[in-house]
Amino acid sequence: MISERVGHMAIRVPDLDEAVDFYQDILGLVETERDGGTSYMTCNERHHELILIQDEGVRGYEYVGLEVPDAETLEKARSLVYRAGGELIGRTYDGEPGVDRAALLRGPDGHIYKLFVGMEETGPLPEGDRVERFEHYSFKSRNLGKSERFIQEALGFRFSDRLGRNASWWHCESLHHGMAFVFAPKPELSHYAFTGTDLNAIGRIADRLRARGQRAIWGPSRHGPGNNLFLYFHDTAGAMIEICADLALMPPEGDYAARQWTGGLKDINQWGGLPPLRFILTGFPIADIHGS
Ligand SMILES: [Fe+2]
């Protein structure tokens with residue numbers, strides 16, 4: 001095992017205070033630490049499930065975080081990166097708030113991962129209506145074959161589902177997917193997802209969006225691959241968030257059988273019609289400010 005849990009992601013936002021207010025209000029996240037222009041937010045006992053970085057100039061996500069069990073595994077993953085088609089970005093480092101050590105990697109499609117060890121625990125949060133955890137993300141990629149080989153060989157992900165030749169879902173823990181790829185001409189983030197408790201929790205989030213004058217992009221409905229309930233909407237930087245409930249579990253914890261879906265786009269909406277164009281076309285860039 002290399003990755004043992006999907007951790008968090010770091011997003012550049014044009015207005016940090018506005019973004020923090022949005023996540024507090026809509027998702028119930030709590031800020032655990034503010035370090036200059038960087039905010040660490042959580043919804044559970046972990047120090048952070050989301051990192052927001054103030055930046056009026058560069059738009060995009062900076063990296064997605066994957067937790068590995070120990071420092072040895074971190075170095076083992078680093079040793080596998082080039083053979084798997086990716087590259088290392090700098091050295092292993094420490095001193096970042098909330099984690100022991102970390103290292104950045106770039107996949108063959110340009111997507112950026114931060115492997116980290118030792119997420120700090122914070123005390124229990126006050127009562128609140130909030131999402132449960134950071135759960136998964138979906139990347140657009142120009143070459144699914146290369147992307148998939150990299151996450152299997154360097155990051156330790158395993159196959160869950162495939163839709164035609166255009167999308168695939170992957171897991172590193174019992175949840176059906178922590179990562180997904182969809183074919184697109186440009187490598188971008190399609191969306192990132194937090195776990196909602198159930199359909200009522202998703203409804204309350206939609207109501208809070210409405211109170212802010214914001215409408216959802218798509219949902220609520222149920223996906224085929226993963227069998228999860230979903231609701232999609234934009235964050236303050238223009239990236240797409242999914243609230244996901246009821247996500248299937250893979251064996252041995254669950255009985256979901258990995259499969260090939262052949263029904264096209266209608267397979268991803270089990271209750272209604274085809275996904276709206278705004279869902280398909282939304283992409284959020286990679287803020288690749290890392291060098292090599
Ligand atoms: Fe998703």
Side-chain angles (χ1 to χ4, degrees), residues 3 5-9 11 23 26-27 43 49-50 61 64-66 109 111 113 131-141 144 147-148 151 155 157-164 166-184 187-199 201-202 205-206 209 216-235 237-250 254 256 258-259 261 264-272 274-284:
S3 306
R5 186 193 193 274
V6 170
H8 53 272
M9 63 184 308
I11 301 174
Y23 291 101
I26 301 297
L27 303 189
C43 50
E49 293 277 63
L50 181 69
Y61 88 88
V64 294
L66 298 171
D109 45 21
H111 285 294
Y113 304 88
V131 292
E132 295 178 2
R133 60 166 284 181
F134 185 82
E135 184 189 85
H136 72 265
Y137 45 85
S138 175
F139 283 156
K140 296 187 169 192
S141 168
L144 260 54
S147 299
E148 292 169 354
I151 65 161
L155 307 180
F157 274 74
R158 301 182 295 279
F159 177 69
S160 299
D161 263 325
R162 186 177 298 285
L163 177 72
N166 294 321
S168 59
W169 288 261
W170 301 83
H171 65 282
C172 68
E173 44 189 315
S174 57
L175 290 169
H176 172 272
H177 58 280
M179 194 181 320
F181 286 109
V182 57
F183 175 75
E188 291 184 308
L189 174 72
S190 164
H191 62 269
Y192 60 106
F194 291 88
T195 307
T197 307
D198 54 24
L199 192 54
I202 290 177
I205 287 170
L209 283 171
I217 295 169
W218 187 28
S221 186
R222 187 181 290 282
H223 282 315
N227 199 38
N228 58 290
L229 299 163
F230 65 83
L231 177 75
Y232 293 91
F233 53 91
H234 280 136
D235 67 16
M240 189 158 62
I241 303 178
E242 177 186 3
I243 305 300
C244 174
D246 252 7
L247 186 58
L249 297 179
M250 304 301 291
Y256 192 94
R259 62 176 280 196
W261 295 75
L265 278 177
K266 72 174 170 29
D267 280 342
I268 62 171
N269 189 356
Q270 297 290 296
W271 290 354
L274 295 174
L277 267 186
R278 206 148 76 100
F279 169 79
I280 294 170
L281 297 179
T282 291
F284 193 64

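Both ligands and their constituent atoms are indexed starting at 1 by order of listing.
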Aromatic rings Tyr232 and His191: how do their planes relate, parallel, tilted or perpendicular, breaks at 30° and 60°? perpendicular
Shortest-distance N, O or S atom of Glu242 relative to the Fe ion (ligand 1): OE1
Taking both backbone and side-chain atoms into account, decide whether His223 has an N/O/S atom under 2.8 Å from the Fe ion (ligand 1). no
Taking both backbone and side chain into account, is any N, O or S atom of His136 nearer than 2.8 Å to the Fe ion (ligand 1)? yes
4.5 Å side-chain heavy-atom contact, Ile26 and Leu209: yes
Indicate yes or no: at least one non-hydrogen side-chain atom of Ile151 is less than 4.5 angstrom from one of Tyr113. yes
Could you check Tyr137, Tyr61, Phe139 and say which one makes a side-chain contact (heavy atoms from CB on, under 4.5 Å) with Tyr192? Tyr137
